[in-house]
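Contents: one structure, followed by commentary.
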Amino acid sequence: MKDLKNVKFILSSTFIMIVATLVIGSFTNNQLLTYLMLAFFAIFAVVYFCFWRCPNCKKHLGKMIVHRCKHCGHEID
């Protein structure tokens with residue numbers, strides 16, 4: 001997962017799935033949705049902390065919306 005566009009797509013998709021399972025779960029009493037939401041959150045956290053890094057200096061980028069690395073100034077696509 002070296003391409004940040006793929007990482008951002010995965011992060012955005014899992015975030016949407018987390019919100020969707022929270023909304024659907026609030027109207028139902030299905031415990032499976034709770035476990036599904038926790039699984040999506042775990043995927044989001046792993047991808048965010050392990051792969052959301054600057055391709056130049058390999059330091060964590062922080063916010064989801066970045067145009068430049070705050071550490072080395074490398075321009076992010």
Side-chain angles (χ1 to χ4, degrees):
M1 269 196 266
K2 302 233 182 219
D3 188 22
L4 281 179
K5 289 181 183 180
N6 291 337
V7 174
K8 192 167 190 172
F9 175 76
I10 292 170
L11 289 173
S12 300
S13 300
T14 54
F15 181 76
I16 290 169
M17 295 306 292
I18 290 168
V19 171
T21 54
L22 279 172
V23 169
I24 294 169
S26 67
F27 293 113
T28 64
N29 198 11
N30 190 347
Q31 197 160 5
L32 177 65
L33 289 175
T34 304
Y35 294 129
L36 192 59
M37 187 265 311
L38 289 173
F40 283 128
F41 180 76
I43 292 168
F44 180 89
V46 167
V47 172
Y48 179 74
F49 288 114
C50 294
F51 298 108
W52 188 242
R53 298 186 174 277
C54 174
N56 189 36
C57 68
K58 307 295 187 226
K59 291 188 179 180
H60 195 265
L61 289 173
K63 296 179 183 178
M64 287 291 299
I65 300 172
V66 292
H67 300 289
R68 293 186 169 272
C69 175
K70 63 183 176 183
H71 303 287
C72 69
H74 179 75
E75 192 167 326
I76 306 298
D77 301 345

Heavy-atom nearest pair, G73 first then R68, reads O-NH1, 2.8 Å
About how many Å separate NE2 of H74 and NZ of K59, when rounded to the nearest 0.5 Å? 14.5 Å
Working to the nearest 0.5 angstrom, can you tell me the gap between R53 CZ and L4 CG? 11.5 Å
Interatomic spacing from OG1 in T28 to CG in L33 - rounded to 0.5 Å: 5.0 Å
In terms of hydrophobic clusters joined by side-chain contacts under 4.5 Å, are V46 and F41 together? no
Anything under 30° is parallel, anything over 60° is perpendicular, the rest tilted; go ahead and classify H60 against Y48. perpendicular
Within a radius of less than 6.0 Å around CZ of F15, do more than 12 heavy atoms belonging to other residues, nucleotides or ligands occur? no
Heavy-atom closest contact (C72 atom, N56 atom, distance): SG-ND2, 3.5 Å
Interatomic distance, I76 atom CD1 to K70 atom NZ [nearest 0.5 angstrom]: 12.0 Å
May I have all residue pairs that pass side chain to side chain donor-acceptor pair (under 3.5 Å) and include part of residues 10-21, sequence neighbours excluded? none
Output for pair (I43 CD1, L38 CG), nearest 0.5 Å, gives 11.5 Å
Quick one: pull up CG in N6 and CZ in F51 and give me the separation to the nearest 0.5 Å. 11.5 Å
In one Ile/Leu/Val/Met/Phe/Trp/Tyr side-chain cluster, 4.5 Å: W52, I16: no
same_hphob_cluster(F40, L32) at 4.5 Å side-chain heavy-atom cutoff: no
